[in-house]
2 protein chains.
Amino acid sequence: MKYRSIGEAAAALDIPDSTIRYYEKMGLLPLLERDKAGRRIFSDDQMALLGTVMCLKNTHMPISDIKQYVDWIVEGESTLERRLEMMNRHKQAVLDEIALMTESLKGIDYKIERYARQLGKK
Amino acid sequence: MKYRSIGEAAAALDIPDSTIRYYEKMGLLPLLERDKAGRRIFSDDQMALLGTVMCLKNTHMPISDIKQYVDWIVEGESTLERRLEMMNRHKQAVLDEIALMTESLKGIDYKIERYARQLGKK
DNA sequence: TGTTGACTTAAACCATAGTTCAAGTCGTAT
DNA sequence: ATACGACTTGAACTATGGTTTAAGTCAACA
């Protein structure tokens, strides 16, 4: 199994190393292994977890909620139902936010049209 | 012309009064009038501007950029081109962010499916 | 006339999400 | 052997976007 350094993991996900250290400190990356020198090493499983964390972060889930989710993963099968419910609720929140952005974009498009018209007919 | 109090303006846009005061202090609401008692009064024009500010805020434009935009509005017609360019750039940023969220949502949907399957077949 | 309720101010406070710093360790390539 | 780059730590620092507080003013209604 291939292990990655923090630099490789960060490059793979296009985020700064410092963010990964911060996430670990916040408890989003439990069970992260170290080599003999004390350096973080990322297994495929940890890369997958980090990918999930990034999905949640990219959709604006607060760190505290991501931590709850990760804690449930560590806790095991007994939390499957809670995890499913959390993901369903989050999905709806994301859809709502996308809808708000899309709606607000209409106001922006309206400005663009008006400015373009004013500049064009001058 | 109907004027609104800060409470009415806030209720119309479903935001706290304190946010409107904060936006005014940040310079997002220049030319906002006051009544004899010193209270803010919102004309239809100011309501429209506030609506635009909310569109920009809802699409995650930083306060400092919104201020630049409002400053250009106050400056007048000579800034039309810059405003158009700013709105076009912002529109692209919003589309990019929606795309990222939509993509990240796929990872979440995948989790939902897996959890649902695991819970269903048990 | 007096008590509400909505408003005013400036300044302090808060949460969130990182980033930066200083000082030090490790392993490999020359 | 040593220099280099990538890594380590904890703590301090930053930026952003508000919210809260304290003390006070004002207009209208009972």
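Lettering follows sequence order; numbering is per chain, from 1.
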Mind calculating the distance between CD (Glu33(B)) and C1' (dC7(C)) to the nearest angstrom?
-> 17 Å
Per Ile63(B) side chain, nearest of listed nucleotides dG18(D), dG18(C), dA27(D) = dG18(D)
Nearest-nucleotide pick for Ile6(A), side chain only, options being dA27(D), dT8(D), dG18(C) = dT8(D)
Atom pair distance, as rounded to whole Å: CG in Asp17(A) and P in dT9(D) = 12 Å
Does dC7(D) have OP1 or OP2 sitting under 4.0 Å from an N or O in the side chain of Arg40(A)?
-> no
Answer yes if the ring centres of His60(A) and His90(A) are under 6.0 angstrom apart, and no otherwise.
-> no
Calculate the interatomic distance between Leu28(B) atom CG and dG18(D) atom C1'; express it in whole Å.
-> 12 Å
Check whether any side-chain nitrogen or oxygen of Tyr23(A) sits under 4.0 Å from OP1 or OP2 of dG18(C), and answer yes or no.
-> yes
Rounded to whole angstroms, how far apart are CG on Asp35(B) and C1' on dT8(C)?
-> 11 Å
Indicate yes or no: does Glu85(A) engage Arg89(A) in a salt bridge with an N to O separation below 4.0 Å.
-> yes
Has Ser5(B) got a side-chain N or O lying under 4.0 Å from the OP1 or OP2 atom of dC7(C)?
-> yes
What's the shortest heavy-atom distance between Trp72(A) and Thr79(A), and which atoms?
-> O-OG1, 2.7 Å
Taking only N and O in the side chain of Arg21(B), is any of them less than 4.0 Å away from OP1 or OP2 of dT8(C)?
-> yes
Does a side-chain N or O from Ser64(B) land closer than 4.0 Å to OP1 or OP2 of dT16(D), or not?
-> no
Measure from CD1 on Ile41(B) to P on dA27(D) and round the result to the nearest Å.
-> 13 Å
Backbone N or O of Glu8(B) within a donor-acceptor pair of the Ser5(B) side chain at under 3.5 Å?
-> yes
Between C1' of dA15(C) and OH of Tyr22(B), the distance in whole Å | 13 Å
Just to confirm, is there a sub-4.0 Å distance from OP1 or OP2 of dT20(D) to any side-chain nitrogen or oxygen of Ser18(B)?
-> no
Least distance between heavy atoms, Ala12(A) atom then Arg4(A) atom = CB-NH1, 4.3 Å
Are any of Arg34(A)'s side-chain N or O atoms less than 4.0 Å away from OP1 or OP2 of dT9(D)?
-> yes
In whole angstrom, give the distance that lies between atom NZ of Lys25(A) and atom P of dT16(C).
-> 16 Å
Whole-Å gap separating C1' (dT19(D)) and CD (Glu24(B)) | 17 Å
Given dA17(C), dT19(C), dT8(C), which nucleotide is nearest the side-chain atoms of Arg39(B)?
-> dT8(C)
His60(B) or Lys36(B): which one's nearest nucleotide on DNA chain D is closer to the 5' end?
-> His60(B)
Side chain of Lys57(A) - closest among dC7(D), dG17(D), dG18(C) = dG18(C)
